[in-house]
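Some notes on the structure that comes next.
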There are 2 protein chains.
Amino acid sequence: MKPYVLIAEDEDALATLLEYNFQKEGYDVSIARDGDEALLLAAERTPDFILLDWMMPKLSGIEVCRRLRRKSETRSTPIIMLTARGDETDKITGLDYGADDYVTKPFSTPELLARVRALLRRTQPGILDDVIRQGDIEIDIKAFRVKRGDKEIHLGPTEFRLLDHFMRYPGRVFSREQLLDSVWGRDVYVEARTVDVHIGRLRKALKNSGGPDPIRTVRSAGYAFEISS
Amino acid sequence: MKPYVLIAEDEDALATLLEYNFQKEGYDVSIARDGDEALLLAAERTPDFILLDWMMPKLSGIEVCRRLRRKSETRSTPIIMLTARGDETDKITGLDYGADDYVTKPFSTPELLARVRALLRRTQPGILDDVIRQGDIEIDIKAFRVKRGDKEIHLGPTEFRLLDHFMRYPGRVFSREQLLDSVWGRDVYVEARTVDVHIGRLRKALKNSGGPDPIRTVRSAGYAFEISS
DNA sequence: TATTTTTGTGACAGTTTTGTAAAGCTTATG
DNA sequence: CATAAGCTTTACAAAACTGTCACAAAAATA
């Protein structure tokens, strides 16, 4: 639903500040205090982009960056490096290792947010859009509305987030666990089968407005959203 | 293009707050820390209106006011005086010396902004829109009036600002917290549920004049104003 | 075909969120 | 100083939503 950012930063004050600002700006945020944690969180739920501090305990930013690039899920995830001023060499090295942009500390929050928006627009087109359309289904995130053809569709909060998630990644198959992570939230404990129930509800709502069922069940794997446009 | 406001206020915290809020609202802002500076800045570029603190170093607000009135460029520039509560005499004197309105501290930012808009509409016609219309609902900020169809609607101040805000951003969903920020004021502490009560009153008032409820409840998210035109 | 595994779905009990009337206060007004 | 108007909070009822379960249906497997 919201763009999901992973912030890897060991300095507490900065991490909190960033978390606050990005949340306020409308992002889902996770904070990692060291390199290990960053990799862990990134594996749990693939972020839409990553803020990576250059200097961190356990694994340095550059090492994290390199490892992320080795996995298929995060190979193309945009990464912004946070470096101390003056380390010009860091920039070179960082970009070498696959960072997409870098920002020197200290930076102003609006500046960073602007950089992030620019990066997202460049690399993840559509992720900042308010309206997503797939076939005859249209979802407006800011207005919390769903339409199929001309008909308004009412969805409960969970079904809305679920559809939102699916429509951002059309065709991709998500396991129940993945859906729980990214739609319900990492820390919530619910039965995997609960996903089925909500899928059912979503299907019913979408069917009421006519047209084929856009959700495909992938037996023993999960669900995917597909619709011919 | 943007209205240009000169803010003369020596108290740092308040000056910064005002600067931030007026900029966010789309004004060009200059800050003067004392009376001398205020006159200087006003001479440099004639403001569209002036916020003038009553108590200031060097030249008091009232003296600044009087001198501004002597120059042809600023003779008719709207001036809002900021005074401490209780100084009833200030009001009289201030208006005598040519202030157009006065606001007692402490005030909430949205309240001040509303006063400013009203003043600008009264004195600088055309610089802002007077009326906003959505569907059959019409709000006249200058006159503090609301009409639905032909019927006059009476609203309390809070409901008025609430409707004003909604009609400026039709279709968009605002959380209770956002509404508290932009309608009540960043600094005011009020229960989130209070918003519900005012929404209820606004709905009732609008319903009395017939037609559908233009306010949509978005469960677990907030409210939005929508009406078919 | 019989058996096992996986998915679809109606029912339901519990929880969360919203609508609203009533009460207590504060501020404006004459 | 009394009255009126408007604001916030509270409490309770209604409505919407949630997660789980049980069982039916479908698909895979033997």
Side-chain angles (χ1 to χ4, degrees), chain A residues 1 144 146 153-164 173-177 179-181 183-185 187-208 212-224, chain B residues 83-88 91-92 101-108 110-111 114-115 144 146 153-164 173-177 179-181 183-185 187-208 213-224:
Chain A
M1 123 134 233
F144 282 90
V146 181
I153 298 179
H154 175 81
L155 296 179
T158 305
E159 281 81 61
F160 187 89
R161 292 201 303 276
L162 194 53
L163 177 61
D164 181 23
V173 179
F174 295 99
S175 71
R176 292 174 177 74
E177 286 71 23
L179 289 172
L180 285 176
D181 269 1
V183 176
W184 272 255
D187 26 293
V188 184
Y189 170 70
V190 276
E191 288 295 319
R193 290 300 313 279
T194 299
V195 174
D196 296 28
V197 177
H198 283 278
I199 290 280
R201 289 177 184 153
L202 178 54
R203 275 175 166 151
K204 195 202 285 189
L206 292 176
K207 192 164 59 184
N208 280 340
D213 178 6
I215 297 175
R216 180 166 59 99
T217 303
V218 183
R219 189 158 237 266
S220 76
Y223 299 94
Chain B
T83 77
R85 180 182 296 283
D87 275 333
E88 271 305 299
K91 176 180 181 181
I92 313 299
D101 197 359
Y102 86 111
V103 176
T104 53
K105 304 179 190 177
F107 49 82
S108 80
E111 186 198 333
R115 291 281 270 280
F144 279 95
V146 182
I153 298 179
H154 172 77
L155 296 179
T158 305
E159 282 84 56
F160 188 89
R161 290 206 303 278
L162 192 53
L163 179 61
D164 182 18
V173 178
F174 296 99
S175 70
R176 292 172 177 74
E177 285 71 22
L179 289 172
L180 285 176
D181 267 3
V183 177
W184 273 255
D187 28 302
V188 183
Y189 172 68
V190 194
E191 286 296 319
R193 289 301 311 279
T194 299
V195 174
D196 296 28
V197 177
H198 285 278
I199 290 280
R201 291 191 188 131
L202 181 53
R203 274 177 167 150
K204 197 200 282 187
L206 292 175
K207 192 165 59 185
N208 281 341
D213 178 6
I215 297 176
R216 178 167 61 104
T217 303
V218 182
R219 188 160 241 262
S220 78
Y223 299 94

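Everything numeric in this text was worked out from a predicted model, so none of it was measured. Convention: sequence-line order gives letters A, B, ...; per-chain numbering from 1.
For the pair A/Leu155 CG and D/dA16 P, the computed distance is 15 Å after rounding to whole Å. Between the NZ atom of A/Lys204 and the C1' atom of C/dG8 there is a distance of 11 Å, rounded to whole Å. Going from atom CD1 of B/Ile199 over to atom P of D/dC7 covers 13 Å, rounded to whole Å. D/dC17 atom P lies 14 Å from atom CG of A/Leu202, rounded to whole Å. Atom P of nucleotide D/dA25 and atom CG of A/Asp196 are separated by 17 Å, given to the nearest angstrom. One interatomic measurement links the two molecules: CZ of A/Arg219 to C1' of C/dT4, which rounds to 10 Å at whole-angstrom precision. Distance A/Leu162 CG to D/dT18 C1': 14 Å, rounded to the nearest Å. Going from atom CD of B/Glu111 over to atom P of D/dG6 covers 15 Å, rounded to whole Å.
The aromatic rings of B/Trp184 and B/His198 sit perpendicular to each other, their planes meeting at more than 60°, with 30° as the lower class boundary.
By the 4.5 Å heavy-atom criterion applied to side chains, B/Val188 and B/Leu180 are not counted as neighbours.
Dashed line: the shortest gap from a side-chain N or O of A/Thr217 to OP1 or OP2 of C/dG8 is under 4.0 Å. Taking side-chain N and O atoms only, A/Arg176 has no distance below 4.0 Å to OP1 or OP2 of C/dT6.
Among the candidates A/Asp181, A/Thr194, A/Asp196, the single residue satisfying the side-chain hydrogen bond (donor to acceptor under 3.5 Å, both in side chains) test with A/Arg176 is A/Asp196.
Listed for the B/Arg216 side chain is no donor-acceptor partner under 3.5 Å among the backbone atoms of B/Ala224. When atom types are taken as modelled, the side chain of B/Arg203 and the backbone of B/Ile215 share a donor-acceptor pair closer than 3.5 angstrom.
Nearest-nucleotide positions on DNA chain C for B/Gly200 and A/Arg203 put A/Arg203 closer to the 5' end.
Of all heavy-atom pairs spanning B/Val183 and B/Leu162, the tightest one is CG1-N, 3.9 Å.
The residue B/Tyr223 sits close only to the backbone: its heavy atoms come under 4.0 Å of sugar-phosphate atoms, none of a base.
Candidate nucleotides D/dC7, C/dT7, C/dT18 were compared by shortest atom distance to the side chain of B/Glu159, and D/dC7 ranks first.
With rounding to the nearest 0.5 Å, the separation of CG in B/Leu179 from OG1 in B/Thr158 is 12.0 Å.
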Heteroatom pairs (N/O) under 3.5 angstrom, protein to nucleotides 19-22 of chain D:
residue : atom : partner  : partner atom : Å
D/dG19  : OP1  : A/Trp184 : NE1          : 3.0
D/dG19  : OP2  : A/His198 : NE2          : 2.6
D/dG19  : O6   : A/Arg201 : NH2          : 2.6
D/dT20  : OP2  : A/Glu191 : N            : 2.8
D/dT20  : OP2  : A/Thr194 : OG1          : 2.7

